[in-house]
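What follows is a short report on a single structure.
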Amino acid sequence: QLSDRLGAIFARLSGRGKLGESDVNEALREVRVALLEADVSLSAAKSFVASVKEKALGANVLESLSPGQTIVKIVYDELVALLGGAQARLQFSDTPPSVIMLVGLQGSGKTTQAAKLALRLKEQGRRSLLVAADVYRPAAIHQLQVLGSQIELPVFERGAGDPVAIARDGVSEARRLGLSTVIIDTAGRLQIDEALMDELARIKGAVSPTEILFVADAMTGQEATGVASGFHERLGITGVILTKMDGDTRGGAALSIYSVTGAPIKFVGVGEKITALEPFHPDRLASRILG
Amino acid sequence: GREKRPITAEFWEELEDLLIVADFGVPTTQKIVSGLKTVAKQEAWSTTDQAVARFRKDVERFLTLPGAELNLTSSPAVVLVVGVNGAGKTTTIGKMAQSLRERGKRVLLVAADTFRAAASEQLAIWAQRTGSEIVRGAEGADPASVVFDGVRAGVSRGADVIFIDTAGRLHNKANLMAELKKMYRIIEREMGAPPAETLLVVDGTSGQNAISQAKLFNETAALTGIVITKLDSTAKGGVLVALVDELEVPIKFVGLGESADALRPFVPAEFIDALFE
Ligand SMILES: Nc1nc2c(ncn2[C@@H]2O[C@H](COP(=O)(O)OP(=O)(O)OP(=O)(O)O)[C@@H](O)[C@H]2O)c(=O)[nH]1
Ligand SMILES: Nc1nc2c(ncn2[C@@H]2O[C@H](COP(=O)(O)OP(=O)(O)OP(=O)(O)O)[C@@H](O)[C@H]2O)c(=O)[nH]1
Ligand SMILES: [Mg+2]
Ligand SMILES: [Mg+2]
């Protein structure tokens, strides 16, 4: 528990007279350790702690009755402000259909989240066409079709075709069917796979999505920053869905991803069922990261 | 990795950072670096190459455990494959089936993930690709009943290896872990022995949560080995050191891609080399 550890540090220091900047530094090292233990990437933890230090010195933390608690509050508030600051609502186009693209690493939960999103939008009065643009993974198309039939929404597929053409024709099909929204499920891929990242850029070019959502597993480790920045540099991520938050991982990847994309977390996946999608609560995630 | 500078406080910080960004985790990193610092004093090291050499030697020895190959001496050998959602279980089974088929073994795949959309279809494609047989259950059937049918079928058909593909499950879900325990007990009862192998498949891009995964899965179904997938990504998979520390079972394989041939035996020296790349 970060507050206990900082409390212990300042209790030990308080016997030695007036506190100084080096004492703040020691406390901040402890903050950094807590973030690293929560899987926040080293670079994101360093820049976060630097901004906390600025605030701590500015707030004259050393004059406070309990500097440890003051620092924890600054850390918590800063986390909530960062994670929850940006606009978390989905952006739609004025001229339908609006296109939402889901992208991310292999196995992060894109296909499942595509169906969850479609169900959520349906409950809000928007009907979506799900587009099966993963032509590589065995039975990926079938997986999306099963999910689509569970929520009674259509799935556009062309078997093992060209994902760019499938996306483009999917949008035409949505227009023809009078559907307001297209949700494109893409194949998982590594951000270092040039050919596949290029494919995503070409899909983007073909369908002009209003949302490119980075679907990330909440238990992703140190590489969350590298992966997110790879996708962001190539595509421009507009939002994040953090999945498998029903697990017990601390979820520091959220801060890593935010630090290189500035993109808001729009939804959180909290289970395997199609109903298991929640809006994002920055205060809950901040407490979870701080343990 | 190859340079030869004087050992300074900066060097130790750099080594710490290297291990942290490789997902070694804070406790493991601190243990390793403080251990090296102690030996550095005792043996009066002067240059960084001495520390790196000792690091390599210690970690390689630590990660080298007996039983790094699949234990397929029983006939049929049942291999139970478990892990959290999306780790790469189904794909890894496909890869292992491929390699056994190339050695002329008779392989049966059991589709005990009866929950997730198109799970058994996905496994069926791997069966077809590798020339393996497959046992599937009815949609939504009790996974334990599919395990039972699968093991019976494998025994009666004279399969050499039976792979049980289970649904992804998060280790903090008591009901899902109870379901896994039931499957494990059915195998024990049918075979008169625990599975020949119980493999935990861990996503190589995951952080420290893999440790609690390992603990809880091991309590439910005694693990005999670990497979780390997706190491073709930029992740280094450093949490595997803590996994070996925790479980004392070997890392058997690493997944290096999505195709049937993208599975290699785990070689500690290769893992260490990759850290310094
Ligand atoms: N517990 C839990 N499981 C989830 C969640 N989201 C997805 N899953 C599961 O995670 C696994 C992977 O989900 P998929 O939707 O197939 O992931 P994907 O990103 O489409 O995978 P690829 O297409 O192979 O890249 C499946 O077992 C899903 O049921 C979640 O929020 N919580
Ligand atoms: N790059 C890469 N991708 C992999 C590797 N192993 C598996 N994958 C991919 O990861 C995704 C998930 O693999 P699955 O085999 O479906 O994972 P699973 O554990 O069976 O998933 P669930 O059954 O839903 O829990 C797929 O897109 C695989 O192709 C690997 O070693 N490298
Ligand atoms: Mg998918
Ligand atoms: Mg599977």
Side-chain angles (χ1 to χ4, degrees), chain A residues 32-34 36-43 45-46 105-112 115 136-150 187-193 217-227 230 243-244 246-253 256 271-272 274, chain B residues 16-18 20-27 29-30 84-91 94 115-126 128-129 139 167-173 176 203-210 212-213 216 229-230 232-239 255 257-259:
Chain A
R32 183 165 116 178
V33 166
L36 292 176
E37 288 176 339
D39 287 326
V40 177
S41 73
L42 185 61
S43 58
K46 280 180 176 170
L105 290 178
Q106 290 88 346
S108 64
K110 298 172 292 301
T111 304
T112 312
Y136 309 104
R137 169 173 156 154
I141 295 170
H142 193 144
Q143 184 185 5
L144 195 63
Q145 286 173 322
V146 170
L147 294 172
S149 71
Q150 283 176 10
R189 68 204 64 214
L190 305 178
Q191 84 280 9
I192 51 172
D193 187 324
D217 193 324
M219 61 162 148
T220 309
Q222 290 285 312
E223 271 306 303
T225 295
V227 174
T243 66
K244 307 175 203 173
D246 45 321
D248 60 7
T249 193
R250 298 270 291 276
S256 309
E272 297 193 64
I274 287 188
Chain B
E16 261 191 33
D17 283 3
L18 184 86
I20 290 288
V21 301
D23 281 313
F24 270 60
V26 171
T29 297
Q30 288 179 342
V84 302
N85 308 73
K89 298 176 291 301
T90 306
T91 307
F115 170 75
R116 206 208 71 209
S120 61
E121 283 76 7
Q122 184 185 4
L123 191 68
I125 291 172
W126 279 108
Q128 191 180 47
R129 280 181 182 176
E139 149 121 43
R169 71 202 63 228
L170 294 182
H171 47 292
N172 56 319
K173 306 219 163 155
L176 297 182
D203 189 324
T205 67
S206 51
Q208 301 307 299
N209 193 249
S212 51
Q213 289 172 27
L216 291 173
T229 62
K230 309 178 196 174
D232 47 320
S233 69
T234 47
K236 305 289 186 183
V239 69
E258 303 187 68
S259 56

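Each chain gets a letter, A, B and so on, in the order its sequence line appears, and its residues count up from 1. Because the structure is a prediction, the values reported are computed rather than measured.
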So what's closer than 4.5 Å to chain A heavy atoms on [X]: side chain, backbone, both or neither?
X: B:V239; answer: neither
X: B:K236; answer: neither
X: B:V21; answer: both
X: B:N85; answer: both
X: B:E258; answer: side chain

Which portion of [X] sits near chain B, non-hydrogen atoms under 4.5 angstrom:
X: A:K46; value: side chain
X: A:L105; value: side chain
X: A:R250; value: neither
X: A:D193; value: neither
X: A:R32; value: side chain
X: A:Q145; value: neither

Revision key, fill the gap. Of A:T249, A:T112, A:D248, the largest count of non-hydrogen pairs under 4.5 angstrom with chain B goes to A:D248
Review point. Highest number of heavy-atom pairs under 4.5 Å with chain B: which of A:A140, A:A115, A:G107?
Key: A:G107
Study note, to complete from the structure: Between the CZ atom in B:R169 and the CD atom in B:Q213, the distance rounded to the nearest 0.5 Å is 13.0 Å
Point to revise | Nearest-0.5 Å distance that lies between atom CG in A:L144 and atom CZ in A:R137 | key: 11.0 Å
Practice item. Please tell me if the side chains of B:I125 and B:E121 come closer than 4.5 Å, counting only heavy atoms from C-beta onward. Key: no
Exercise for review: Indicate yes or no for a side-chain donor-acceptor contact from B:Q208 to the backbone of B:D23 under 3.5 Å, with no hydrogens or angles considered.
Suggested key: yes
Check your understanding: Does the B:T91 side chain pair with the main chain of B:G88, one donor and one acceptor, at a distance under 3.5 Å?
Key -> no
Revision key, fill the gap. Counting heavy-atom pairs under 4.5 Å with chain A, the top scorer among B:L123, B:L170, B:N172, B:V26 is B:N172
Shortest non-hydrogen contact from [X] toward [Y]:
X: A:D39; Y: B:G207; answer: OD1-CA, 3.4 Å
X: B:H171; Y: B:S212; answer: NE2-OG, 3.5 Å
X: B:T29; Y: B:G25; answer: OG1-O, 2.7 Å

Distance-only donor-acceptor hits, side chain of residues 218-227 of chain A, under 3.5 Å, sequence neighbours excluded:
from   : atom 1 : to     : atom 2 : distance (Å)
A:T220 : OG1    : A:D217 : O      : 2.6
A:Q222 : OE1    : A:L42  : N      : 2.9
A:Q222 : NE2    : A:V40  : O      : 2.9
A:E223 : OE1    : B:T234 : OG1    : 2.7
A:T225 : OG1    : A:S41  : OG     : 2.6

